[in-house]
Engineer: 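I have a structure here, written as structure tokens, and I will follow up with some questions on it.
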Amino acid sequence: MSTPTTRHLHDWDLAPRDAIALQRRLAGQVERQDRLAGEVKYIAGVDIGFEPSLGTDREVGKRDGITRAAVVVLNWPELNVVEHVVAREPTRMPYIPGLLSFRETPAALAAFAQLKHKVGLVMVDGHGIAHPRRLGVAAHLGLWLDLPTLGVAKKRLTGQHGEVPEERGAWTPLKHDCEMLGIVLRSRAGVKPIFVSPGHRLSIDSARDWAIACLGRYKLPEPTRLADRLASRRDASS
DNA sequence: GCGACAG
DNA sequence: ATCTTGTCGC
């Protein structure tokens, strides 16, 4: 943050080219091996929702309006909700493929700041290292929280993969050339597969195991599914 | 230049 | 992401 073009900007209000440069630097700090802090007792699920601005510009995809971060804490292995928080922050940046974390992380951090439980693992709605510069929202948030994270996305951003068997629990690797980025998982029979990739302090194998271990009777793993539901509720207070 | 493109 | 009712299917 010292060059003429970035000096006056905050980490989250970067111009696309500066955000991309920052991602390249931060990607080198992401730990791809397991480094859990003891036994996992609580798992957090994170998702972001948006409230359009009133008045003239009602477009949710641009600026203005409110970014709503929902964090749900589940105990392990019961997977029961023990805490939930919703934080509302003004939207600063529009959605740009590849720069999602700059739009969503500020609100997510605000929500985590209010959390009472000490979570050992964080599951984020979006990709981890399965990103063009290997710094998807799950990896970026993991660095900020200094916690193990994994990303669970509903669509592919980058990488290629083969067909995924129809049975629940089946998966196939997601890779870019020869580099493994994560897996494509059939979380439910007869439903489009989800994309699982590690964020920070987690291996690909562990990210896969945790995603599968957190599956309930729905397409999305419980942490992310519940956060999703909370983030998109009309009445969002806390 | 053309297509792809998390939420 | 968000705007939205009914409807097909297990």
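So that the names make sense, note that chain A is the first sequence line, chain B the second, and so on, each numbered from 1. Because only heavy atoms are used, hydrogens play no part in the values below, and waters and symmetry mates are left out as well, while side chains stay in.
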Engineer: May I ask you to check if A:R225 and A:Y218 form a cation-pi contact, with NZ or CZ under 6.0 angstrom from the six-membered ring centre and within 45° of the axis?
Structural biologist: yes

Engineer: Nearest whole angstrom, please: distance from the C1' of C:dA1 to the CD1 of A:I96.
Structural biologist: 14 Å

Engineer: Evaluate whether the aromatic ring of A:Y95 and the six-membered ring of the C:dA1 base sit under 5.5 Å apart, centre to centre, with an inclination under 30°.
Structural biologist: no

Engineer: Nearest-Å distance, CD (A:E166) to P (C:dC10)?
Structural biologist: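 The distance from CD of A:E166 to P of C:dC10 comes to 14 Å, rounded to the nearest Å.
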
Engineer: What integer distance in Å separates A:K155:NZ from B:dC5:P?
Structural biologist: 9 Å

Engineer: For B:dG7, does OP1 or OP2 lie under 4.0 Å from any side-chain N or O of A:K154?
Structural biologist: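 For A:K154, the contact criterion (side-chain N or O under 4.0 Å from OP1 or OP2 of B:dG7) is met.
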
Engineer: When you look at CD of A:E163, are more than 12 heavy atoms from neighbouring residues, nucleotides or ligands closer to it than 6.0 Å?
Structural biologist: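 No.
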
Engineer: OP1, OP2 of B:dA6 versus side-chain N and O of A:R156: anything below 4.0 Å?
Structural biologist: no

Engineer: Just the rounded figure in Å: distance from C1' of B:dA6 to CZ of A:R133.
Structural biologist: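 In whole Å, B:dA6 C1' lies 12 Å from A:R133 CZ.
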
Engineer: Counting the benzene-type ring for Trp, do A:H117 and A:W76 have ring centres under 6.0 Å apart?
Structural biologist: no

Engineer: Report the distance from atom NE2 of A:H127 to atom P of B:dA6, rounded to the nearest whole Å.
Structural biologist: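 A:H127 atom NE2 is separated from B:dA6 atom P by 7 Å.
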
Engineer: Classify the nucleic acid contact of A:L99 as base, sugar-phosphate or nothing, counting any heavy atom under 4.0 Å across all strands shown.
Structural biologist: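 Base contact.
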
Engineer: Please classify the nucleic acid contact of A:G98 as base, sugar-phosphate, or nothing, using heavy-atom distances under 4.0 Å.
Structural biologist: base

Engineer: Just how far, in rounded Å, is P of B:dA6 from CZ of A:F50?
Structural biologist: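 Computing the A:F50:CZ to B:dA6:P distance gives 13 Å.
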
Engineer: Whole Å only: how far is the CD1 atom of A:I194 from the P atom of B:dG7?
Structural biologist: 11 Å

Engineer: B:dA6 P sits how many Å from A:F102 CZ, rounded?
Structural biologist: 17 Å

Engineer: We want to know whether A:T224 and A:D125 form a side-chain donor-acceptor pair, criterion being a heavy-atom distance below 3.5 angstrom.
Structural biologist: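 Judged by distance alone, the side chains do not pair up.
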
